[in-house]
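Protein chains get the first letters and strands the later ones, always in sequence-line order, with residue 1 at the start of each.
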Amino acid sequence: MRSFAYKRVSDVATAIAEVGGDPGSEFLAGGTTEVDMLRIRVARPRRVVDINDLPIAAIEDLSDGGLRLGGLARMSDVAAHPAVRERYPVVSEALEKGASAQLRNMATLGGNLMQKVRCSYFRDVDQACNKREPGSGCAAMNGFNRTHAVLGTSEHCIATHPSDVAVALTALDAIVHIQGPEGARTVAFDDFFPLPGNTPDREHPIAHGELITAIEVPANPAARTSHYLKVRDRESYEFALASAAVVLRVERGIIAEARIGLGGVATKPWRARQAEAALTGAPALRAAFEDAAAAELADAVPQGMNSFKITLAQRTLVRALETVASAHGGEGNA
Amino acid sequence: MRPRAHQTGTVAPSIPEQARGVRPRDAEIGPEATDIELTVNGTTHRVRVEPRVSLLDALRERLDITGTKKGCNQGACGACTVWVDGRRVVSCLTLAVACEGREITTVEGLADGDRLHPMQRAFVDNDAFQCGYCTPGQLMSAVALMAEGHTCDDAEIAEWMSGNICRCAAYPNIRSAIRQVRDTAEGTRKGGR
Ligand SMILES: Cc1cc2nc3c(=O)[nH]c(=O)nc-3n(C[C@H](O)[C@H](O)[C@H](O)COP(=O)(O)OP(=O)(O)OC[C@H]3O[C@@H](n4cnc5c(N)ncnc54)[C@H](O)[C@@H]3O)c2cc1C
Ligand code: SF4
Ligand code: FES
Ligand code: FES
């Protein structure tokens, strides 16, 4: 590991000033991405600013029935919170299916949104990678790309976005609260994650020194029966090959509203708007679920080794839809 | 609901921070090595580390507390599991400097002198290891698991122990050991509720 300095801060203003005023400083939250990146020399700061003492870890009720999740709230604490479990099971499930109990005790929500891709070429500083080294090429394109994305890719980057909870939060239209040297602002969840396009090195709209202070989850009564399904190479402690976050509002057997996120298959936490459009007004039946899943994956672009994901993502989505529909008393699995 | 361990070694009397000559909490340190204080299993040690040193390396290489093992060094195996302020974490992705002022518990902190912690006893009784390399991490997770309350059935135990990989695949026996502690009065009393 390269050498770096360390400073602990205890209030938000100082944290922003210390990092905002020094191009060589980076925030350190749970460290589960940052320390890993430091060790493999992908992150090369002069100094890390430890924000673990900042008072932004609370989980609070909003007056409209929504929730405000602190940027420093730990994955384990958010997952276990009674209000999250009751109102947004999709969030609890996505969190508890991510990483391991130890990592979830360390990792924060803010850090989770900022985590780096797991593409092995990104992690290897001797390989070509446009995300790490703009213009150097993409070793994954003709390399080992079984875990890479089939949606939202470009000729410059095909890395899968690794977060689970972000898939649930995109389905819920969460709002990211950011504070920085220029003041406070909010960003809609779907806008937080750009597509790679020509600039895969641009991974988020956060400017240097800006801090994620909270994630706001709007009220959504239908989310009480929401669900996250994650399919992977082993049963636990593994990233998704395909995952689906599903929120449905069903009225007399007809889908009045669908909100769907897909994970493990796209370059960003994927809001499945084509599937949502196909489902709205359709009967809550398997045939409609299959059509919607097919519509969403119609434009998928397979790489050498990951074409299986196109089928897997559809099956994952159909099964998640069946689970949620049956919770609504619809036919679901029947 | 913190897991509880017996404390080994001499417990340092609690001295106010200023008296110990600890620098202000917000002072910048490094990149050179600096003296920091780490409280491990109830004993406060002064140790000279650079900010880049992980808690795992500080324990093993600087403090010679070698029960905690290094497997992957990237958060993927759980061999390095310890508790920081009573929560199980991986020490390979934790910086030692970030642990100043926190309470660290390692596998050495589980036994009460020569008396094994009930979970250690249960691992022996159930043959819950072969090479033993993953065992310190398994133990730290297993005792924490009791406090977290995720021991309903084997599926739940497996899910909440999945952060600890065992190359020897002692998993069924590890689960038996955990069930043994769960199902005995001693386990409930000392297993950390
Ligand atoms: C073995 C392993 C398995 C994993 N499996 C999964 C999985 O299955 N699913 C999943 O979703 N994730 C998984 N993860 C990723 C894990 O969830 C992230 O590493 C974690 O959420 C990052 O949070 P952190 O607090 O540790 O961030 P840190 O590592 O401290 O920081 C990460 C980055 O975010 C920046 N940052 C941190 N906090 C803020 C903030 N509040 N505002 C602005 N910038 C900030 C830091 O500067 C740094 O660049 C896994 C990680 C490991 C190591
Ligand atoms: S897929 Fe993206 S992250 Fe991976 S090597 Fe290509 S450019 Fe880099
Ligand atoms: S050595 Fe820390 S998780 Fe493997
Ligand atoms: S006993 Fe050998 S790795 Fe677990």
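Looking at A:D50, the atoms closer than 4.5 Å to chain B (heavy atoms on both sides) all sit in the side chain, from C-beta outward. Looking at B:Q74, the atoms closer than 4.5 Å to chain A (heavy atoms on both sides) sit in the backbone and in the side chain alike. Only the side chain of B:S141 comes within contact range of chain A, with at least one heavy atom under 4.5 Å from a heavy atom of that chain. Neither the backbone nor the side chain of A:E34 comes within contact range of chain B; no heavy atoms are under 4.5 Å apart. Heavy atoms of A:R2 lying under 4.5 Å from chain B belong exclusively to its backbone. Using a 4.5 Å cut-off between heavy atoms, B:I165 contacts chain A through its side chain alone, with no backbone atom that close. For chain B, no part of A:I40 is nearby; none of its heavy atoms comes within less than 4.5 Å. Neither the backbone nor the side chain of A:T14 comes within less than 4.5 Å of any heavy atom of chain B. Residue B:C80 does not touch chain A at all, counting heavy-atom pairs closer than 4.5 Å. Contact annotation for A:T32: both backbone and side-chain heavy atoms come within less than 4.5 Å of a heavy atom of chain B. Only the side chain of A:L103 comes within contact range of chain B, with at least one heavy atom under 4.5 Å from a heavy atom of that chain. Using a 4.5 Å cut-off between heavy atoms, B:A98 contacts chain A through both its backbone and its side chain.
One distance of note links CD of A:E26 with CE of A:M114; it measures 9.0 Å at 0.5 Å rounding.
Counting only distance, with no hydrogens or angles, the side chain of B:Q120 and the backbone of B:H117 share a donor-acceptor pair below 3.5 Å. In this structure, B:E156 contributes its side chain and B:C152 its backbone to a donor-acceptor pair below 3.5 Å. Remark: side-chain polar atoms of B:S91 are not paired, donor with acceptor, to backbone N or O of B:T81 under 3.5 angstrom. With hydrogens and angles disregarded, a donor-acceptor distance shorter than 3.5 Å links the side chain of A:N145 to the backbone of A:A140. In this structure, the side chain of A:R132 engages the main chain of A:D124 through a donor-acceptor pair within 3.5 Å.
Partner of B:R179 under the side chain to side chain donor-acceptor pair (under 3.5 Å) criterion, out of B:D154, B:T184, B:D153: B:D154 alone.
Top candidate by heavy-atom pairs under 4.5 Å with chain B, chosen from A:E18, A:K7, A:E238, A:R39, is A:R39. Interface check for chain A: of the options B:M140, B:E50, B:M161, B:E159, the most heavy-atom pairs under 4.5 Å are formed by B:E159. Taking B:N164, B:L93, B:L145, B:D26 one by one and counting their heavy-atom pairs under 4.5 Å with chain A, the maximum is reached by B:L93.
Between A:D77 and A:R104, none of the side-chain N atoms (NZ, or NE/NH1/NH2) sits under 4.0 Å from a carboxylate O, so this pair counts as no salt bridge. Taking the charged nitrogens against the carboxylate oxygens, B:E28 and A:R46 do have a contact shorter than 4.0 Å, which makes a salt bridge.
Between B:A96 and B:A58 the shortest heavy-atom distance is CB-CB, 3.7 Å.
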